[in-house]
Amino acid sequence: ASTPGATGSPTLLLSKSHRAYTALITLPAPPDSTNSQGLALPPLELLFIKPRALMNISGPPILSAAAAFLPSPLPTYRVVTLQDDLDLPSLSHKLQRGGSPRGHNGVRSMEKALGTREFYRVRLGVGRPERKEQVAAWVMGALERDDVRACEYEDGKSGELVRKVWEEVLRIGWAED
């Protein structure tokens, strides 16, 4: 996923006051792109937030960090979370808007902090271990080499999963509601 013409820093910077790493970038609209009224699309601002808090309590630090950048409350923006999903095969992804947290405590924390379930989730497949008691070690364990390659981003070149997720984020960002 490359960002030609982007402004801002693609590097996540630590904000100690908000207990999160943040990056704000602005992407120019694709050339000759218009909305349904034929008007040129505006630039797309993307705020990336990676909380330093444990996943189960990540919602409040995300809201706090977002408030430092955004002029109105976070639920008025298109929120997209990335989350691991045991029900999807490794290296796959699925886009979902709203719905149940499906047992994911990080999503549950975001729902509580936002006061809504109506946000986008990009569910990233991690597969499922053979036995239920292996789940914690499975999701906290090291990735297989193929999984790492699919998630890498180096020298303007991205792995397959990163490219697909980036395309989803851009589609959501420029979509008309």
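- Not counting sequence neighbours, the partners of S64 by the side-chain contact (heavy atoms from CB on, under 4.5 Å) test are H18.
- N35 meets the side-chain contact (heavy atoms from CB on, under 4.5 Å) test with Q37, L39, L41, E176; sequence neighbours excluded.
- N105 pairs by the side chain to side chain donor-acceptor pair (under 3.5 Å) definition with R108, not counting sequence neighbours.
- Counting Ile, Leu, Val, Met, Phe, Trp and Tyr side chains that sit under 4.5 Å apart, directly or through other members, L91 stands alone, with no cluster partners.
- Shown here are the side-chain contact (heavy atoms from CB on, under 4.5 Å) partners of L70, two or more places apart in sequence or in another chain: L47, A66, L74, Y77.
- Dense packing is recorded around CD of Q134, with more than 12 heavy atoms of other residues, nucleotides or ligands lying under 6.0 Å away.
- In this view, S33 satisfies the side chain to side chain donor-acceptor pair (under 3.5 Å) rule with no residue, not counting sequence neighbours.
- Every side-chain contact (heavy atoms from CB on, under 4.5 Å) that E160 has, sequence neighbours left out, goes to R163, K164.
- The salt bridge (Lys or Arg N to Asp or Glu O under 4.0 Å) pairs that include a residue from residues 25-50 number zero, where partners must be two or more places apart or lie in different chains.
- Scanning for side chain to side chain donor-acceptor pair (under 3.5 Å) contacts around Q96 gives R123, with sequence neighbours left out.
- Grouped by direct or indirect side-chain proximity (heavy atoms under 4.5 Å, Ile/Leu/Val/Met/Phe/Trp/Tyr only), V139 sits with L86, V126, V135, W138, M140.
- Other residues sharing a hydrophobic cluster with V148 under the 4.5 Å side-chain heavy-atom criterion for ILVMFWY residues are L143.
- For E130, there are no side chain to side chain donor-acceptor pair (under 3.5 Å) partners at least two apart in sequence or on another chain.
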